[in-house]
Asks: 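Before I ask anything, let me first share the structure, which is written out below as structure tokens.
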Amino acid sequence: MCGIIGYIGNRQATPLLVGGLRKLEYRGYDSAGVSVLDPGNGATSRVVRCRGKLANLEEKLNKEPAPGTVGIGHTRWATHGRPSDENSHPHKVGAISIIHNGIIENHLALRAELHAAGAKFSSETDTEIFAHLVDQQLTAGAENLTVAVRRALQKVRGSYAFVVMSDKEPGTLVAAKNSSPLVVGLGEGENFVASDVTAILSETRKVIFIDEGEIVTVTRDGVAITDFEGKPRHREPKIITWSAVQAEKGGFKHFMLKEIHEQPRAVADTLTGRIDLEGDDVRLDGVELDVKSIKRIVFIACGTSYHASLVGEFLVESLARIPVEVDLASEFRYRDPIVGPGDLVIAISQSGETLDTMEAIREAKKKGATVLAISNVVESSIPRLADHSFYTHAGPEIGVASTKAFTTQLVAISLLAIYLGRRNGALSRERARTLLGELVQLPNKMRDVVDMSAHLQVLARRYGHADGFLFLGRGAQYPIALEGALKLKEISYIHAEGYAAGEMKHGPIALIDEHLPVVVLVPKGPSYDKTVSNLAEVRARQGKVLAIATRGDNEIGSHADDVVLVPDTAVELQPILTVLPLQMLSYYVADLKGTDVDQPRNLAKSVTVE
Ligand code: F6R
């Protein structure tokens, strides 16, 4: 998501910080800033930050220079609080300057506590809370910045990487990590800290990767790592041999592959702070809907987001028992849709900028419907146009083919369906508890699946030469069949069709012969037996079957040529696991064919034309 860099040494920090942030630009951001201090000159840090691109920051720095040899810099991709000058990092409280990646899960409770103790806030961010906590610990007598950070961390829940600097201890930067990446770069008489190797690669290739639950104290001459209890940890530096471009991709060959592997974390971030396990309920970041007045839900979206909406139909109807319609945004607006008061229109858009979806929202609003947007980009046009908005926390998606944006949309829709069902009484407390428990376990189960890449590579080699593919599924797996086909065709240029498995006999069965690979989504659940029958129909016609099934299914091997087994979960959440092998299959087939995986021909990441 956001980008972090820190420097401590003998050179002027500002150009190094801005240069490092420039290397992180590809990740996407909406504001940037630095805090720099001159240890020999009164050591009062100067914070310069602003909304918009780095060029805006540079312009501001030309007018208000920030001299000094110690500093921290940040590019922010908004999660809590809109993109604005005030919400940009660094945040300064007293002598403390702070930058942060990630999310503080218990920020509301901490804010209330600090407010009651007299703290004044100058931003809407969760980050500023941590600056107050560190300041509070120093006022309470913590002997140094490292101890203050360690004590402050005990109050914080969530995923984060922090870098903290103090005017009172100008020879030190303190950083901490839990779930967000952090790396220290070692130089001669100078050291760096960053969220990504890319930011510091032009200055040093000698690095130490910081592990979960570690605090690192960085001075000009050294680095000391401890755990959160203060127990020292030792780690040998590594020499990075990646090129700058490889480093941007975190060592993966393509952004798409990196993003496939980022999904467990993206899903964990999207769940953070939203599950109330004690109340068996969901919090939607302050979104309050009058659920009992909703007569119907209409999803509108395009492409992959449309497929997420089709899963949404299944989820909302089964968990909240509210009638649902799903429409392609580009169709909805031109057919004079019957929509109005009593309808909740849910617009799903990763980018938040898709013109078809925006126009469909305008149409729905004009006719009196309430609109809720689910997007991955805070303050993008679609959430701004909607009455309510709710965000996925996938982080910027660079690969044109959507992967982590899709699975986090499915998570957001699952949360929404539980929210609706709990409020209109359709979903029992017990069922909600089971589903929330399953949601919490998803990141680990997803990790299990993305770790199967070697198997998917073998399957890509076995089937990737085919001229066409068919994907089949029933229920919530039908949209996954559509998504599997879309993913394969957009990046490998192989023709693929997704079909409802029960519909195959009504036409596409004519395509089946020994040359056609058929990918069948057949996890354990109410449609299992019926889907196995469809699979038998394929094999009876010499079609080659690759089944995506549930781990522990000992029967499926006898019905298919190849099997990929994913962990078991609730039927409603299975799409979040079954789509992963399809993304990987598409990726490896495309990579074998040597197509431009991250920027497939004719496609754009944000479709702002009709
Ligand atoms: C496919 C893909 C597209 C988008 C579609 C809508 O991998 O990414 O089909 O899903 O263009 O984009 P958003 O979600 O940004 O509205």
Side-chain angles (χ1 to χ4, degrees), residues 28 77 254-260 263 266 270 299-312 326-333 345-362 364 371-386 389-413 471 479-494 496 498 575 579-580 582-587 589-590 595-610:
W77 192 77
H254 294 101
F255 282 112
M256 183 182 173
L257 188 59
K258 175 171 179 260
E259 286 157 5
I260 287 173
Q263 290 180 99
T270 301
F299 281 94
I300 47 173
C302 306
T304 288
S305 299
Y306 170 71
H307 298 154
S309 305
L310 290 171
V311 179
V326 185
D327 218 335
L328 290 162
S330 54
E331 290 295 316
F332 177 85
R333 56 177 296 218
V345 170
I346 304 180
I348 310 228
S349 172
Q350 179 278 130
S351 63
E353 301 295 346
T354 301
L355 193 58
D356 283 325
T357 311
M358 265 166 72
E359 292 304 329
I361 294 176
R362 288 201 173 97
V371 178
L372 166 73
I374 298 182
S375 176
N376 195 39
V377 183
V378 174
E379 286 286 298
S380 50
S381 305
I382 287 175
R384 276 193 280 128
L385 200 59
S389 43
F390 175 51
Y391 293 98
T392 52
H393 293 309
E397 195 175 61
I398 315 284
V400 165
S402 198
T403 52
K404 61 177 181 169
F406 179 66
T407 43
T408 53
Q409 284 170 348
L410 296 184
V411 167
I413 295 169
F471 290 77
I480 301 306
L482 296 177
E483 176 61 9
L486 176 65
K487 219 73 317 165
L488 184 71
K489 66 187 142 200
E490 62 183 342
I491 60 170
S492 74
Y493 316 145
I494 295 176
V579 75
L580 302 176
L582 305 194
Q583 295 170 345
M584 292 194 282
L585 180 71
S586 304
Y587 171 79
V589 169
T595 58
D596 187 349
V597 172
D598 284 331
Q599 288 180 326
R601 67 185 182 205
N602 309 336
L603 290 177
K605 188 71 190 160
S606 237
V607 186
T608 51
V609 291
E610 290 176 72

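In what follows, residues are counted from 1 in the order of the sequence shown. Numbering of ligands and ligand atoms starts at 1, following listing order.
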Asks: Mind checking whether K487 contacts ligand 1 via backbone (N, CA, C, O), side chain (CB onward), both or neither, at a 4.0 Å heavy-atom cut-off?
Replies: side chain
Asks: Quick one: side chain to side chain contact (heavy atoms under 4.5 Å, CB included) partners of A266, sequence neighbours excluded?
Replies: A394, K404, T408
Asks: Among all residues two or more places apart in sequence or in another chain, which pass the ring pair (Phe, Tyr, Trp, His ring centres under 6.0 Å) test with Y587?
Replies: H254
Asks: Does the N or O separation between S349 and ligand 1 drop below 3.5 Å for any pair?
Replies: yes
Asks: Strictly under 4.0 Å, does any heavy atom of T403 approach an atom of ligand 1?
Replies: no
Asks: Decide whether an N or O pair under 3.5 Å exists between S305 and ligand 1.
Replies: yes
Asks: For ligand 1, which atoms sit closer than 4.0 Å to a heavy atom of Q350?
Replies: 13 (P), 14 (O), 15 (O), 16 (O)
Asks: Which of the numbered atoms in ligand 1 are under 4.0 angstrom from any heavy atom belonging to E490?
Replies: 1 (C), 7 (O)
Asks: Please list, in number order, the atoms of ligand 1 under 4.0 Å from a heavy atom of S402.
Replies: 7 (O), 8 (O)
Asks: Say whether T403 and Q263, considering side chains only, have a donor N or O and an acceptor N or O under 3.5 Å apart.
Replies: no
Asks: Among V579, L482, L486, exactly one meets side-chain contact (heavy atoms from CB on, under 4.5 Å) together with T304. Which residue is that?
Replies: L486
Asks: Any idea which atoms of ligand 1 are less than 4.0 Å away from a heavy-atom of G303?
Replies: 9 (O), 10 (O)
Asks: Are a donor atom and an acceptor atom from the side chains of S305 and Q350 found within less than 3.5 Å of each other?
Replies: no
Asks: Heavy atoms only, cut-off 4.0 Å: how does I382 contact ligand 1, side chain, backbone, both, or neither?
Replies: neither
Asks: Please evaluate residues S381 and E353 with respect to the criterion side chain to side chain donor-acceptor pair (under 3.5 Å), reporting the C-alpha separation (whole Å), side-chain torsions for both, the decisive distance (0.1 Å), and the verdict.
Replies: CA-CA 6 Å; S381 305; E353 301 295 346; 2.5 Å; yes
Asks: Keeping T270 on the side-chain end and H393 on the backbone end, is there a donor-acceptor pair under 3.5 Å?
Replies: yes
Asks: Which residue from C302, A329, S586, A401 reaches closest to atom 5 (C) of ligand 1 through any of its heavy atoms?
Replies: C302
